[in-house]
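For reference, the structure discussed in these notes is given below.
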Amino acid sequence: MFKDLVLEKVNIAVAKLGFEGAESIELRVETPKNPEFGDFAVNVSPLAKVARMAPFLIAQKVVENIDFDGDINIVAGFINFKLTNGQQNSVVKKVLTEKENYGSNNFGNGEKVLLEYVSANPTGPFHIGHGRWAAMGSSLSDLMKFSGYDVAQEFYINDAGNQINCLANSLKVRVLQELGTDAQFPTDEAEIKNYYTGDYLIPVAKKYIEEKNPSADNLDINDLGSFAKAELFKLQEDLLIKFGVNFDRFYSELTLHESNRVGEVIEELKQKGKTYEKDGALWFKSTEYGDDQDRVLIKADGAYTYLAPDIAYHDDKFKRADLLLNIWGADHHGYIPRMKAAMEALGHNSDKLEVLLGQLVNLIINGEQTRMGKRKKMLTLGDLIEDVGVDATRFWMIMRSIDTTLDFDVDLAKSSSDDNPVFYVQYAHARACSILRTAVEPRIDTSGENNEHLAPFFTKEQIASLAQNPCVMAALDVDDARSIASTKALIMKLESFESLILSAVKSRSPYMLCRYAQELASDFHQFYATSRVLNVEPDLMRARLTLVLAFRQVLATTLRLLGVSAPESM
RNA sequence: GCCUUGGUAGCUCAGUUGGAUAGAGCGACCGCCUUCUAAGCGGUAGGUCACAGGUUCGAAUCCUGUCCAGGGUACCA
């Protein structure tokens, strides 16, 4: 990373100047907006206070004392650095040497991370919001592994509790209907809230009848519940795999009840004096840890609240990992203080429970905002994937920062697949592959009368050896300013991949990968438009083909981290 | 009321601990295919960074207040 090198050199020079208090001022390396200035820039203006000098003079002093092999110029308080051809070559060489590992780092230092996301109830198909967490979570997982974390991905199944009773009762109605009775969902508004009236239970009911051959007057509600749970979970699991999301473990809430982990954790909180009884319920003193109010663990009717098993689950997770990462929807925001409080009370470090709060997804149908809800007939994640494909869906879901509400315009996503950014990016990859293919194919000269057969430009062995001798820039000093500029821009974009990965992982922001992919593709398309690769002078051909190889590698890595395919042709 | 996320070009959004002339995509308009994929490239137009104060040599960025929008504020999950 040349950024680090530049910063190191500047810091050494600043230290030599001996400004009092300069150590506490942190300088930054940035990329100049205007590439004419240079490849990297350091603004020394922050030193003005301790140096008591105009920024321009400081910059001059620093440059006088710096040991840097390359062009340097000063504009106001900015010191601009230009990489030499040799330094740029080393970028390409590094990419081709490290291959699919280029860009990786050891920031995570092997820390054990348990990343939990999606964690939907097994009471219906995924809606589009689940898709956002699924895509982001799996991409974040890959990004963190790429940065030296030891990540396990987990899905918590809420397969206990009242919603399962609702599910069982709903399936009962559907089974009775399929058996030819006139059973109906209740019409009373208060009652209907306890039922899932979506069509998706009809095939489940049919399957239940086929497998169990039940009679209408003898339906076992528990059996219905577990059957429905298993069927809907299977649907979810299949869809996740189709969507490129591979959890290491599906953790059943039910097992926490069966093993009495829930009871044990509550007992532990009691022992520690963190609970009390009031109005017939058992309360957790979460206000002792900064929550707005205390929270109920066991309701007056004796049943656990949702919080109780969830505390047991998080306690279990802390026993298995150093860092807990949860992706939660913004509607769970109020839940964070009580969970952190519970972890503190149980003796865990709540700073190691990081909740990534994701803003919700709005569905736009016919230009109208539609509320999500699985009880209404609606567009599911499965439907969306059918319509726009896995690649486009994943890219769209990851593309925006987790802090902004995602307006998913279904009609737009369906109709405008041609100018979808994901195609733009994939097209760049396919183009690069096409060049590499053409380079080793036999040619036919159609310019003369006879169609003459010519040998390919390169053998596969020659292409493989290009990685060993990436003398790119020297050979690229052609008499074409646009070609030089776009070539250099592409190399610098490849160079910035390492620091991009680092800042993306530090801020847990896979969306940065989408932006990078688009910028990288754009730089390549410009290179392509200005710089003919094949059938030019041999040195130039080798040099440009080497750059194509390096570009293809980095784009493929970026797409892999996004869980989006990198097609060889389109 | 309180907690929380936003408000930047017609639309959707970037803008990394305060720094160079505030950027990208889409949409609009004008150009570019006999040669490696035109799902592409070049160009033009488009801004009071919600508003008002404050801190600073310097603010889209930090502080205070106001306005607007989403989410939360359960002995639901």
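Numbers restart at 1 for each chain; the letters A, B, ... are given by sequence-line order, proteins then strands.
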Give one of base, sugar-phosphate or nothing for [X], where a contact means two heavy atoms less than 4.0 Å apart.
X        : answer
A/Ala303 : nothing
A/Asp291 : nothing
A/Glu568 : base
A/Asp292 : nothing
A/Arg532 : base
A/Ser509 : nothing
A/Ser434 : base
A/Ser531 : base
A/Pro46  : base

Nearest of [options] to any side-chain atom of [X]?
X        : options             : value
A/Gln293 : B/A38, B/A77, B/U73 : B/U73
A/Arg482 : B/U5, B/G42, B/A14  : B/G42
A/His333 : B/A20, B/A77, B/C3  : B/C3
A/Tyr427 : B/G40, B/A14, B/C13 : B/G40
A/Ile435 : B/C75, B/G71, B/C36 : B/C36
A/Phe78  : B/A20, B/C36, B/C75 : B/A20

#### Entry: Within the 6.0 Å centroid threshold, strictly below: A/Phe81 and A/Phe40
no
### Message
For the aromatic rings, using the six-membered ring if either is Trp, is the centroid distance between A/His525 and A/Tyr424 under 6.0 Å?
### Response
yes
Give me the distance, rounded to whole Å, that separates [N] from [M] when you measure between the [atom1] atoms they each carry.
N     : M     : atom1 : answer
B/G1  : B/G65 : P     : 13 Å
B/C75 : B/G15 : C1'   : 46 Å
B/U16 : B/C63 : P     : 15 Å
B/U48 : B/A22 : P     : 13 Å
B/C62 : B/U4  : P     : 15 Å
B/C13 : B/G47 : C1'   : 15 Å
B/A39 : B/C3  : C1'   : 46 Å

Please confirm whether any donor atom in the side chain of [X] sits under 3.5 Å from an acceptor in the base of [N], or the reverse.
X        : N     : result
A/Gln359 : B/G71 : no
A/His525 : B/C41 : no
A/Asp310 : B/A77 : no

Does [X] make a side-chain N or O approach to OP1 or OP2 of [N] shorter than 4.0 Å?
X        : N     : result
A/Thr405 : B/G71 : no
A/Tyr528 : B/A38 : yes
A/Tyr511 : B/G15 : yes
A/Gln526 : B/G40 : no
A/Tyr424 : B/C41 : yes
A/Arg515 : B/G15 : no

### Contacts of A/Asn169 that satisfy side chain to side chain donor-acceptor pair (under 3.5 Å) - sequence neighbours left out
none
### Message
I'd like to know whether NZ of A/Lys285 has more than 12 heavy-atom contacts from other residues, nucleotides or ligands below 6.0 angstrom.
### Response
yes
### Task
Measure the shortest side-chain to side-chain distance between A/Met397 and A/Met136 over non-hydrogen atoms and say whether it is less than 4.5 angstrom.
no
### Query
Between A/Leu357 and A/Ala330, which heavy-atom pair has the shortest distance, and what is it?
CG-CA, 3.9 Å
### Query
Atom CG of A/Asp331 and atom P of B/G72: how far apart are they, to the nearest Å?
6 Å
### Query
Of all residues at least two apart in sequence or in a different chain, which pass the ring pair (Phe, Tyr, Trp, His ring centres under 6.0 Å) check with A/Phe250?
A/Phe155, A/Phe233, A/Phe247
### Task
Could you summarise the pairing of RNA chain B as dot-bracket text, marking Watson-Crick and G-U pairs under 3.5 Å with ( ) or [ ] inside the strand and | across strands?
(((((((..((((.....[...)))).(((((.......))))).....(((((..]....))))))))))))....
### Task
Answer syn or anti for B/C67, where the cut-off is 90° from 0 on the glycosidic torsion.
anti
